[in-house]
**Q** 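Sending over a structure as structure tokens; questions will come in a sec.
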There are 2 protein chains.
Amino acid sequence: MGDVAEAVGVSKTTISRYLHGEYAYMSSETKAKIEQVIRELGYRPNRMAQGLKATVSHMVGVSIADVGNPFSSLLIKGMQEECRARDVQLLVCDANNRPELECANIESLLDAQVDGLIVNTVGNNDAWLADFHGRKNRKPVVMLDRIMTPPTYDSVSSDNAGAVRSMLDHLASRGFDHVAFVTKPGDGISTRTTRRIAFEEYMGAHSMDGDVLVYDSDAHDLADRIKELLDAHGAEKVCLFANNEESMRDVLEATSAQTRERIGICAFADEQWAKYSGFGITCLDQNPVLMGRTAARKLFSRVYDGAKNPCSVDEIPTRLCVFASTQI
Amino acid sequence: MGDVAEAVGVSKTTISRYLHGEYAYMSSETKAKIEQVIRELGYRPNRMAQGLKATVSHMVGVSIADVGNPFSSLLIKGMQEECRARDVQLLVCDANNRPELECANIESLLDAQVDGLIVNTVGNNDAWLADFHGRKNRKPVVMLDRIMTPPTYDSVSSDNAGAVRSMLDHLASRGFDHVAFVTKPGDGISTRTTRRIAFEEYMGAHSMDGDVLVYDSDAHDLADRIKELLDAHGAEKVCLFANNEESMRDVLEATSAQTRERIGICAFADEQWAKYSGFGITCLDQNPVLMGRTAARKLFSRVYDGAKNPCSVDEIPTRLCVFASTQI
DNA sequence: CTGTTAGCGCATTCAA
DNA sequence: TTGAATGCGCTAACAG
């Protein structure tokens with residue numbers, strides 16, 4: 001900036017003013033001259049230096065439970081769209097499904113002077129996150145996909161309960177007698193628990209028969225559990241309802257093609273994926289891009305627009321996509 | 001930092017020294033005192049301010065052609081692993097498959113004072129990228145997955161040619177007479193071109209019959225093209241070889257289940273995806289996590305370890321995963 | 001309309 | 001062993 005000022009023959013202040021569009025306090029000749037010199041020198045302001053002075057850095061931090069997950073990548077896509085519009089940079093960290101890393105990520109991001117945080121928590125980290133809320137110079141946080149109860153922060157998630165109900169309505173209409181909700185242990189991950197509870201409530205309220213099948217990471221274990229289930233309910237029309245794509249893959253791994261032909265299967269899963277898996281798997285397609293966008297918007301309104309409203313939870317609707325797997 | 005200095009009763013210089021581990025110039029009492037006060041106050045150094053002084057910011061920028069792509073998210077996963085080890089932050093931008101955005105991203109990242117860049121180019125941007133190489137204060141760049149010819153920058157890609165050959169060897173061993181390589185137009189994207197050329201060379205060198213089926217984004221168009229192909233080669237054992245997951249989905253969309261039972265199909269695709277698509281699709285599984293790691297390592301060695309070696313291209317091997325779709 | 005001054009949080013001489 | 005002084009690139013009073 002000094003170089004530009006010198007070349008034009010004015011002070012740095014004037015250059016600074018030019019950069020901020022304060023043309024009113026400036027002769028049109030100097031303005032033109034500055035414009036020209038900046039182009040010639042290819043000058044671009046240093047955002048770090050700006051951030052050092054200002055109270056904002058135009059950077060927001062993101063900690064993702066597992067960036068390798070396709071769902072996560074779509075969350076990021078959504079955030080990016082908003083970031084582009086506001087000219088803010090996204091600092092992305094991966095927590096690799098480990099709470100310690102999530103904490104470390106957040107601390108590092110704060111060191112980098114981010115203006116706010118979007119957290120897709122790994123789960124089992126609510127205590128630390130709640131504690132963080134009590135810090136003096138805390139930065140705004142938006143929880144994404146996986147949320148806390150009560151919602152200490154602004155949050156964005158899918159309408160998980162509604163999604164579960166719409167799937168069960170569909171299964172009922174297709175004449176299924178028994179539905180098993182297949183999931184890994186809750187592990188403090190809100191989506192799993194929310195869906196499971198919605199499932200159990202629906203079962204309680206309707207005359208549908210069903211149970212929850214919690215399995216450990218070992219797919220071998222799952223195969224036995226499914227066999228037991230089918231032994232017990234062999235005569236009925238059974239459907240396996242997987243909590244997510246991972247569990248759906250575990251179900252596919254644990255069942256033979258013959259088995260899959262005589263039972264129904266469905267899952268929370270991306271339509272693109274589900275449509276071509278097997279003969280097509282009926283799924284609840286979430287809207288991760290919209291979720292990411294919404295989270296970014298909420299954060300920006302608080303950080304850059306000074307919104308002071310109490311924190312709220314946005315639930316993004318899901319879409320039921322019916323394919324061959326529930327048509328038996 | 002001033003607060004800490006005051007509380008301890010020393011100057012900021014001493015605190016700075018403490019933070020950099022220069023304990024030699026310090027009485028053990030002051031050291032202990034500093035340690036304590038820092039903990040009490042929860043002081044953490046401001047990386048922006050450090051970056052303003054130092055020549056490095058401990059941030060690297062990434063521009064991804066399409067962050068929504070699962071492949072991309074695994075590239076990022078790999079980078080993150082290296083970033084964690086070196087304590088550097090990743091600034092991630094999405095180019096949304098548009099060259100203008102890629103350029104804008106890179107400029108923005110430089111404004112943020114990143115120490116270097118990893119670019120997964122959208123394609124058709126080689127001229128700008130080459131021009132960028134000529135800039136005075138250019139920062140180091142590593143091209144990832146999609147590379148330039150000649151390689152102006154350090155680059156990391158899959159061993160695309162080798163992968164194509166291994167797939168064609170496999171198809172030959174399975175007795176296929178005719179193979180069609182299905183791809184969207186090249187569009188300046190190196191992977192597409194490299195694979196296509198490897199395909200054509202193999203066909204030329206072996207007595208295998210085949211052709212390249214370039215289709216536009218419209219899957220309808222593709223259905224007609226495939227029909228023509230099968231009309232012409234109906235008597236032979238035909239295989240469709242898709243350039244990537246997207247084209248594979250387009251092939252699935254464009255063919256009926258009956259058709260798929262009498263032809264072979266295969267693709268460059270993630271094993272997780274391919275294994276459960278249809279009856280299982282034979283695929284070339286790349287190693288995006290390793291690619292991301294490798295790119296980050298190359299960048300870091302240049303940026304932080306002062307490596308001066310000429311730029312090089314690393315080719316990461318792929319893995320052939322055979323499933324039912326090539327067993328007809 | 002324009003410039004002077006001071007300072008953001010830190011690292012680095014140089015001196016003591 | 002420690003500290004004072006200077007400046008990184010930029011912004012924001014406050015003066016003219």
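These numbers come from the heavy atoms of this one structure, side chains and all, not from hydrogens, waters or symmetry mates. Reminder, nothing fancy here: chain letters follow the sequence lines and each chain counts from 1.
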**Q** Is any N or O donor-acceptor pair between the side chain of Ser16(A) and the base of dA12(D) shorter than 3.5 Å?
**A** no

**Q** Under 3.5 Å, is there a donor on one side chain and an acceptor on the other for Lys77(A) and Asn96(B)?
**A** yes

**Q** Between Tyr43(A) and Ile34(A), is a side-chain contact (heavy atoms from CB on, under 4.5 Å) present by the stated rule, with each step listed?
**A** CA-CA 11 Å; Tyr43(A) 165 78; Ile34(A) 292 174; over 6 Å; no

**Q** Write down the distance between CD1 (Ile34(B)) and C1' (dG3(D)), rounded to a whole number of angstrom.
**A** 13 Å

**Q** Can you name the closest pair of heavy atoms from Pro99(B) and Gly123(B) and give their distance?
**A** CG-O, 3.9 Å

**Q** Tell me, please, the opening and closing nucleotides of DNA chain C, 5' to 3', among those with an atom under 4.0 angstrom from a non-hydrogen atom of chain A.
**A** dC1(C) to dG9(C)

**Q** For Arg47(B) and dC8(D), what is the distance between atoms CZ and C1' respectively, to the nearest whole Å?
**A** 17 Å

**Q** Can you tell me how far P of dA12(D) sits from CD of Glu22(A), to the nearest Å?
**A** 8 Å

**Q** Calculate the interatomic distance between Tyr43(A) atom OH and dG9(D) atom C1'; express it in whole Å.
**A** 7 Å

**Q** For the side chain of Ser27(B), starting at C-beta, report the closest nucleotide among dC10(D), dT1(D), dA4(D).
**A** dT1(D)

**Q** When you measure from every atom of DNA chain D, which of residues 106-117 of chain A have a heavy atom less than 4.0 Å away?
**A** none

**Q** My understanding is that only one of Asp94(B), Asn124(B), Val122(B) makes a side-chain contact (heavy atoms from CB on, under 4.5 Å) with Glu102(B); could you say which?
**A** Val122(B)

**Q** Can you sort out which residues in residues 48-56 of chain B have a heavy atom within less than 4.0 Å of DNA chain D? Ascending by number, please.
**A** Leu52(B), Lys53(B)

**Q** Quick one: do the Ser158(A) and Gln286(A) side chains pair a donor with an acceptor below 3.5 Å?
**A** yes

**Q** Looking at every heavy atom in both Cys93(A) and Val67(A), which two are closest together, and how far apart are they?
**A** O-CG1, 4.5 Å

**Q** Just N and O in the side chain of Tyr18(B): are any of them under 4.0 Å from OP1 or OP2 of dT1(D)?
**A** no

**Q** Quick check: closest heavy atoms across Pro140(A) and Asp115(A), and the distance to 0.1 Å?
**A** CD-O, 3.6 Å

**Q** Show, in sequence, the C-alpha distance, side-chain angles and deciding distance for Glu107(A) and Arg135(A), and conclude whether the salt bridge (Lys or Arg N to Asp or Glu O under 4.0 Å) test is met.
**A** CA-CA 12 Å; Glu107(A) 301 285 14; Arg135(A) 284 202 200 169; 2.6 Å; yes

**Q** Strictly by modelled atom types, are Asn160(A) and Thr194(A) linked by a side-chain donor-acceptor pair under 3.5 Å?
**A** no

**Q** In whole Å, what is the span from the NZ atom of Lys12(B) to the P atom of dC8(D)?
**A** 16 Å

**Q** Nearest whole Å is fine: how far is dA15(D) C1' from Arg17(A) CZ?
**A** 11 Å

**Q** Mind listing the closest non-hydrogen atom pair of Leu144(B) and Met291(B) along with its distance?
**A** CD1-O, 3.7 Å

**Q** Ignoring backbone atoms, establish whether Thr14(B) has a side-chain N or O less than 4.0 Å from OP1 or OP2 of dG3(D).
**A** yes

**Q** So, taking the atom named OG in Ser155(A) and the one named NZ in Lys298(A), what distance separates them when rounded to the nearest 0.5 Å?
**A** 6.5 Å

